[in-house]
Amino acid sequence: MSLPETLGFVGLGQMGEPMAAFIAKGETPLICYDRVPGLAPKGASEVTDLAELVAKSDTIFLSLPDGKIVNAVARDIAACADVAGKVVIDMSTIGPDAAKEANATLTAAGMTFIDAPVSGGRQGALKASITVIWSGSKAEMERHQPILDLFSRNSFHVGDTPGQGQAVKLLNNFLSATAMAASSEAVLFGLAHGVEMKVILDVVKVSTGNNTAIEDKFPNRILTGTYDAGFFAELLNKDVRLYSQFAEEAATSNLMGRRVAEIWQEVEDSLPPQSDFTRVFEVLQNRGAS
Ligand code: NAD
């Protein structure tokens with residue numbers, strides 16, 4: 001199978017813009033669309049109408065906030081003229097049911113839907129080092145591999161059914177969210193005993209409690225006071241809520257999931273919209289033992 005001749009990219013936010021910027025450096029022409037104009041990276045063209053992007057693109061990437069928005073955009077795409085044979089690769093985190101819904105909408109229009117959420121954060125997107133978690137046609141993954149290689153370091157085919165990629169992405173983000181909240185509590189405990197934050201981080205980083213919060217978020221975003229990991233608390237809360245909801249449905253143990261989901265709901269409620277998720281540390285610090 002040959003490479004697509006023209007690529008489209010919808011959603012140029014904290015993740016989408018850097019991913020699109022790397023795709024634009026490749027050889028395949030790239031057309032971008034966001035509901036906010038002026039976000040397209042250098043080397044890509046921009047349109048202000050989704051239908052124009054759909055008409056001109058063979059493969060369309062999506063990086064949108066949530067399942068409701070992805071499915072609204074999927075319905076708009078399916079309603080465009082001459083869409084049969086085109087491919088939609090959704091890199092948003094939307095949960096298994098929303099991925100299945102988008103798959104049904106687009107396959108009914110003769111299109112191929114790929115559920116391909118990503119991990120690695122904005123920093124990973126800026127360094128083209130993110131992980132792509134692909135579920136759907138393996139042949140399409142092989143065909144698109146040269147494009148995936150432009151913006152990711154690892155790509156995994158985790159199953160043939162859209163929704164399986166979301167399941168792996170959600171369990172990953174549950175672990176990441178748990179590490180972030182638990183590490184915040186642990187660091188506050190050390191500080192309360194008069195130990196400096198940097199010392200705590202140096203010790204744990206080379207000990208058995210190490211995790212991505214200790215290794216990256218604390219030294220680079222919290223110790224610095226910058227709180228700029230590039231992921232909104234409400235988006236992580238959405239992911240943990242979806243994880244807990246699907247764990248209940250799957251009837252797998254959800255003791256931790258339930259509690260971690262409650263914590264992140266409280267974090268979102270305590271912060272202004274679009275606050276960086278690393279501010280969980282401040283929320284737990286202010287909350288104290290209550
Ligand atoms: P974001 O809010 O920064 O970006 C979303 C973009 O979509 C915005 O530019 C917004 O204007 C655009 N948009 C919204 N509705 C639209 C519509 N109807 N049509 C066209 N454009 C529209 O979010 P983000 O952090 O870039 O995350 C995008 C997705 O990737 C989310 O599903 C998120 O959970 C997931 N994700 C984020 C990170 C991260 O660290 N930021 C990491 C992995 C996965």
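Note that ligands are numbered from 1 as they come in the structure, with each ligand's atoms numbered from 1 the same way.
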Parallel, tilted or perpendicular: ring planes of H144 versus W134, cut at 30 and 60 degrees: tilted
Geometric class of the F231/F277 ring pair [parallel <30°, tilted 30-60°, perpendicular >60°]: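 Because their plane-to-plane angle is over 60°, the rings of F277 and F231 count as perpendicular.
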Stepwise side-chain contact (heavy atoms from CB on, under 4.5 Å) test for V83 and V54: CA-CA 8 Å; V83 290; V54 174; 3.7 Å; yes
Looking at [atom], what's its closest protein heavy atom, distance included?
| atom | answer |
| --- | --- |
| atom 37 (C) of ligand 1 | M15 CG, 3.4 Å |
| atom 13 (N) of ligand 1 | L64 CD2, 3.7 Å |
| atom 9 (O) of ligand 1 | D34 OD2, 2.6 Å |
| atom 43 (C) of ligand 1 | V118 O, 3.3 Å |
| atom 23 (O) of ligand 1 | L235 CD1, 3.6 Å |
| atom 28 (C) of ligand 1 | S63 OG, 3.6 Å |
| atom 39 (C) of ligand 1 | F231 CD1, 3.3 Å |

Structural part of I130 in contact with ligand 1, heavy atom criterion under 4.0 angstrom: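 Neither; nothing of I130 gets under 4.0 Å from ligand 1.
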Quiz question: by atom type and distance under 3.5 Å, do the side chains of [X] and [Y] form a donor-acceptor pair?
| X | Y | value |
| --- | --- | --- |
| E282 | N286 | no |
| E140 | T112 | no |
| E215 | N211 | no |

Could you tell me whether some N/O pair between [X] and ligand 1 is separated by less than 3.5 angstrom?
| X | answer |
| --- | --- |
| R35 | yes |
| G11 | no |
| S92 | no |
| Y33 | no |
| T93 | yes |

Under 4.0 Å to a heavy atom of V73 - the qualifying atoms of ligand 1, by number: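 Ligand 1 atoms under the 4.0 Å threshold to V73: 18 (N).
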Sub-4.0 Å atoms of ligand 1 with respect to non-hydrogen atoms of R122: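 What qualifies from ligand 1 is 40 (O).
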For atom 7 (O) of ligand 1, the option (of G13, G95, P65) bearing the nearest heavy atom: P65
N-O pairing of K238 and D66 below 4.0 Å: no
Heavy atoms from other residues, nucleotides or ligands near CZ of R258 exceed 12 (cutoff 6.0 Å): yes
Would you call [X] a ligand 1 contact, heavy-atom distance under 4.0 Å?
| X | answer |
| --- | --- |
| K238 | yes |
| G230 | yes |
| Q274 | no |

Heavy-atom pair of closest approach, residues S270 and V283: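 Nearest pair, atom of S270 first, then V283: OG-CG1, 3.8 Å.
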Backbone N/O of P162 and side chain of K100: donor-acceptor pair under 3.5 Å: no
Residue of the set N172, N154, T93, T131 for which side chain to side chain donor-acceptor pair (under 3.5 Å) holds with S119: N172
Near-ring test F174/Y243, centroid separation under 6.0 angstrom: yes
